[in-house]
Amino acid sequence: MATRNIPVLLLVCLRLSGIALLCILWEILPRSGLVNPTFFPPLSAVLQEVAALLRDQHLLGHTIATLWRVVAGIVLAALLAVPAGAILGYWLPGLAAGLNPLFRILAQVNPFSLMTVFLLFFGIGEKAKLIIVAWVAFWPLLHHVIGGVQNVDADLLKAARSMGTSPSRLFLRIILPGAAPSILLGVRTSIILLLAILVAGEMLGGLAGLGWLLHWSSNYYSSPYATTPIFAVGLCISLIGVALSAILRKLERDLFFWKPLESAWSAAPAPRTLRSRPNRIFAVTVLSAMFLLLVAGGASTSRLSKTNGSFSGEGDVPPPSASGHSGHMSHERSLPAAGQSGHSGHTAPSASPVQSGHP
Amino acid sequence: MKWIISVHRKLLSFYLFFLVLIVWELAPRLGFVSNVFVPPFSRIVETGVELGLTNIFLYISISLKRVFVGFVLATVLALPLGFILAGAMPKLAAFLHPLTKFLSSIPPFILFPVFVIIIGIGEGGIYTVIFWSSFWPILFTTIAGIQSVDPLLIRSAKSMNAGKLVIFTKVILPGASPTLITGLRTGLTMSFFMLIGSESMGADSGMGWMIHNAQSMGFVERIYLGAIMVAGVGLALNYVLEYLESAVLQWRQAPDSSNKAAA
């Protein structure tokens, strides 16, 4: 714990310098030719690609679609897992212990292996993806809920029962709050895996979402560096992952200020003074953003899926010339011609070694 | 009477297991679900027999080999790196923290196309995916584990004039080992999850490939067979690690359970 001696300001600088160094290296190494820029494009090209995708390929819509699926899947899993886990953990602990092996088998059922079956049952639409996310999120959540319920302070339970609390009130007031930190921990630990699984699911079968965009854009290498779209979409996915886990961490710190935080590698120990008072503003903001996302994101996602579905065939192969064919493409875009030329027209900086545009 | 209850307790999970199997067998046969989408369990067993035990073991061993190569590589690199970062250079750890956070949240699949371009189709890409997905959990938990070792223990060891090496092997390592093993378990689970996906993307053997192949050929029975195989192997791996955990951390078990009983 030698980090306690580092002042906070210096620590912030240190952390930022880590990112800055990465950015500079990412820019310089490909440009200087130490790394093959065809495989590893410089940061500026990737950022340009992000801008181009944002302009032409509904990057924002795809991001919202992915986020919506993650949030909706987790909410679905939580709605199922919390009551089930509470009942099993509190009222039927024997059954929970007996069922444990079965749960563990089911938790090991890889959603990839059943992807086709899910697709057969639920179609390639939203349902299959939601089920995949919910499936992956459900088992760790259930595990954590059962664990959390069983670790609720027994004195609290006894006190509540001795005062004649009804079971439903006991559940809402004692068991659920007692298990909440454990539940959030379950979500937080599985969020990266969830995102990875979801992206893979979108890559394998879907019509919207970042995974679909990645799959689509890695099929056509229009930009000067072959792998730029992959890196651009990858950057977005990673940033989503970082943001989601940061939000969950902050939520955990704000909501459960009364619980000592066990650090998953926080180099600086969290200053105690900041956690002395509950801060509900952030939690309320997150919650309302979640609701907004659930409502608006669902609508936007279904619209985007329909848009892409109509041109999923020709979308894979963009027309060779920018102005020629885009006139009779059926898909819905505000400016099809401008969009196409914008994407293929954003060429490399002049120093780039590979200048092959479209085949 | 008591022993009946204890036997019943032990068999409880098996009852449900058999119940699931019976429902699986009867539902398609009685026409509740389409027997094309959900073939009855006996047909899946039949397919397994048809495929042959040798083939099944071959697929499993190929997949296991991939997991182990990637996982061992990740462990060998991440554990020492975590020791060094957490123990010797906490400033460097703080410096690298955002970077590692960012890298760890890159899903390994999206790197797969890049790996294929750089390394080529074949084992390299799969090893890299597995390495990537198990490296970060192991590194994070290693650092967390070492930083959460009680400083009092380290100080008391120091006051008894223990050398750095002795402190590391006698105090820090045992103190951090529960967390280390949790990290290893997380890494293995993660990499096993990723294995199936990466095998179905670019491989010509293994369980993921078998499932992928069955998917593209429309052998629904084989998909289920593959799912069962994957789940079984994953479960077995989990149990092995749990056994190792309880064997290594025997000293840890007693206070833990007494704590729970007290609570």
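Judged by distance alone, the side chain of B:Trp209 and the main-chain N or O of B:Ile196 form no donor-acceptor pair under 3.5 Å. In this structure, the side chain of B:Ser198 does not engage the main chain of B:Ile126 through any donor-acceptor pair within 3.5 Å. With hydrogens and angles ignored, the 3.5 Å screen pairs no side-chain donor or acceptor of B:Trp136 with any backbone N or O of B:Ile106. Using modelled atom types, one side-chain atom of B:Ser63 and one backbone atom of B:Met207 make a donor-acceptor pair closer than 3.5 Å.
Of the atoms belonging to A:Phe103, not a single heavy atom falls under 4.5 Å from chain B. For B:Thr179, no part lies under 4.5 angstrom from a heavy atom of chain A. At a 4.5 Å heavy-atom cutoff, B:Met229 makes no contact with chain A through either its backbone or its side chain.
Proximity to chain B at a heavy-atom threshold of 4.5 Å picks out A:Leu239, A:Gly241, A:Val242 from residues 239-248 of chain A, in numerical order.
With a 4.5 Å cut-off on side-chain heavy atoms, B:Glu199 and B:Met210 do not count as touching.
When the ring-ring contact (aromatic ring centres under 6.0 Å, His included) test is applied to A:Trp135, the partners found at least two apart in sequence or on another chain are A:Trp139. Listed by chain and residue number, nothing satisfies the ring-ring contact (aromatic ring centres under 6.0 Å, His included) test with B:Phe102 (two or more places apart in sequence, or in another chain). Remark: B:Ile172 pairs with B:Ile146, B:Val149, B:Ile154, B:Ile167, B:Phe168 by the side-chain contact (heavy atoms from CB on, under 4.5 Å) rule, at least two apart or across chains.
Ranked by non-hydrogen atom pairs under 4.5 Å with chain A, the options B:Gly145, B:Gly232, B:Ala227, B:Gly226 are led by B:Ala227.
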